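Convention: sequence-line order gives letters A, B, ...; per-chain numbering from 1. Excluded from the calculations below are hydrogen atoms, water molecules and symmetry mates; all remaining heavy atoms, backbone and side chain alike, are included. Predicted model only: the values in this text are computed from it and were never measured.
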Amino acid sequence: MATTDTTAASEQLDARKTDWLDRLSELINRIDNWTKAADWSTRKIEKRMRDPEIGDYIAPALILQKETLRILLEPVARVTPGAEGVVDLYLMPAYDDIASLYFTNGDWQLHYMFPGTPTVNTIRDADSVTLSQDSLKKVLEEMVKNADCSLR
Amino acid sequence: MPTAVYVRLDRIKDVEREYLTTRLAVDRLIAAVRIDPAILEPKQGRDVRNADARLEHTYFIRLFAELETTLRSFFETRRDTTPKTQDLIDSISAMRRIPPDLTEYVHDVREFRNSLVHERSADIATITVAVARARICHYLSWLPPHW
C-alpha cells in the first residue's frame, strides 16, 4: 500500500515537472520565433533549477541579442502566490530586472514599467498586458530606446 | 549543462534576490512591531533595528564573496599562486583584456567591501547592492563560458 502511494506521489511530481517544462518550452519557442522575425539573434541555454517540491532539474532559457543589447529570458519559479510560473527578462550582462512574465488564468502576463507610468515598488506591481508578439515587440523597442548603464 | 560563467552570474543574482526578499521581510516585521510591540522579546527590538540598519551591507559582503570565489575558481585553472584580491582582479583583467574602467568599478566595489569588513569609512563612496551586482556581473561576463 505504502509503495503504491509513494509511486503515485512520485508520478504526480513528475507530471508537474513535465507540465512546467512543457509550458516553459512553449514560451521560449514562441519568443524565439517572434524575436527572430524581428531580426534578433537568439540562443537557447540551460539553467539549473532548485524546487523544494519537484527536486532539481534543468530548465530552458533564452538569450536575445540585437546589436549591443543583450537580454536574458530566464525561468525563476514554477509556482508563486497567484501565478503558475514566473519568467524574468533581464538586461545583460548587468542582470538588471526589466520585465517579468507571470502565468495566470491560462496565459502569460507581461509586466513592464513603461516610461511615464506610475512608479511601483516591484515589476510585479507594474501594469500588465497579455503576452503577444505586439506587446513583446513594444517592450523590446522601449528597451532598445532606454537601455541605460546601471554601473554608476 | 549550464555554462560555468552563467551558473556564477545566476548565483550573484540570487544574492540580490535574497536581499530584496529579506528587506521586504524586515520592513514588514518593523511595521508589525509598530502595531504590536509585544511580538518581540524586549532585547529583540535592538536586534531588529541592527538587522535593518546593516542588512544591505551584510548582503554586499556576501555578493563580494561570490565574486572572489568565482575569480579564484577561474584563476586556479590558469596559475599556481594565491594572490591577494586586488592583484587577483588586476591579473584576471590583464588575462581577459577587461576594459580598465570596468576593472576600476570592481575595485571600487572591493574597496567599499573592505571598508565594511574593516570598519573604515573615510573617503569611500557608498555602493548599493544593485550597483555592485551590475558591476560584478558585467565584469564576470568577460570570463570564458567554461574553465
Side-chain angles (χ1 to χ4, degrees), chain A residues 21 24 28 42-52 56-65 68-78 80-81 86-100 111 113 119-126 143 146-152, chain B residues 1-28 31 63 66-67 70 96 98-110 112 125-146:
Chain A
L21 289 175
L24 271 179
I28 280 172
T42 66
R43 183 161 55 94
K44 288 179 182 168
I45 61 169
E46 293 177 323
K47 181 188 179 184
R48 192 188 307 274
M49 302 287 289
R50 279 168 293 178
D51 187 313
D56 294 358
Y57 60 98
I58 299 289
L62 186 69
I63 292 176
L64 314 170
Q65 181 141 13
T68 58
L69 193 65
R70 189 152 34 114
I71 292 163
L72 172 64
L73 182 79
E74 182 184 73
V76 173
R78 181 179 56 85
T80 188
V86 184
V87 173
D88 276 349
L89 281 152
Y90 298 108
L91 189 59
M92 299 301 280
Y95 236 125
D96 288 330
D97 300 73
I98 47 174
S100 293
H111 293 243
M113 276 183 259
T119 304
V120 290
N121 286 332
T122 67
I123 286 174
R124 189 169 188 178
D125 298 328
M143 286 172 48
N146 299 302
D148 196 7
C149 185
S150 56
L151 301 180
R152 287 181 287 274
Chain B
M1 291 301 287
T3 64
V5 73
Y6 176 52
V7 168
R8 301 291 182 159
L9 292 175
D10 190 38
R11 280 171 61 164
I12 284 159
K13 187 66 184 177
D14 273 347
V15 173
E16 186 192 26
R17 290 189 191 112
E18 282 177 39
Y19 161 63
L20 293 172
T21 305
T22 311
R23 174 82 272 161
L24 176 67
V26 171
D27 289 348
R28 289 285 175 99
L63 205 58
E66 290 287 350
L67 167 70
T70 302
R96 302 297 304 166
I98 299 176
D101 55 345
L102 188 50
T103 303
E104 207 48 50
Y105 279 143
V106 170
H107 276 307
D108 290 345
V109 172
R110 177 185 58 77
F112 184 59
T126 299
I127 299 172
T128 63
V129 162
V131 169
R133 178 265 306 148
R135 291 181 180 188
I136 290 170
C137 288
H138 236 283
Y139 186 85
L140 293 181
S141 72
W142 285 78
L143 297 186
H146 294 284

- Message: According to ring-ring contact (aromatic ring centres under 6.0 Å, His included), who are the partners of B:Tyr139, at least two apart in sequence or on a separate chain?
- Response: none
- Task: Kindly give the heavy-atom pair with the smallest separation between B:Cys137 and A:Ala94, and that separation in Å.
- Result: CB-O, 3.8 Å
- Please name all residues satisfying ring-ring contact (aromatic ring centres under 6.0 Å, His included) with A:Tyr90, sequence neighbours left out, ordered by chain then number. A:Tyr95
- Matching residue for B:Asp10 among A:Met49, A:Arg48, A:Glu74 - test: side chain to side chain contact (heavy atoms under 4.5 Å, CB included): A:Glu74
- Pairwise side-chain contact, A:Asp97 with B:Lys13, heavy-atom cut-off 4.5 Å (strictly under): yes
- Message: How about CZ on A:Arg43, more than 12 heavy atoms from neighbouring residues, nucleotides or ligands closer than 6.0 Å, or not?
- Response: no
- Query: Which bit of B:Leu102 comes within less than 4.5 Å of chain A, counting heavy atoms only: side chain, backbone, both or neither?
  - Reply: side chain
- Task: Using a cut-off of under 4.5 Å on heavy-atom pairs, state which of B:Ala134, B:Ala130, B:Ala132 scores highest against chain A.
- Result: B:Ala134
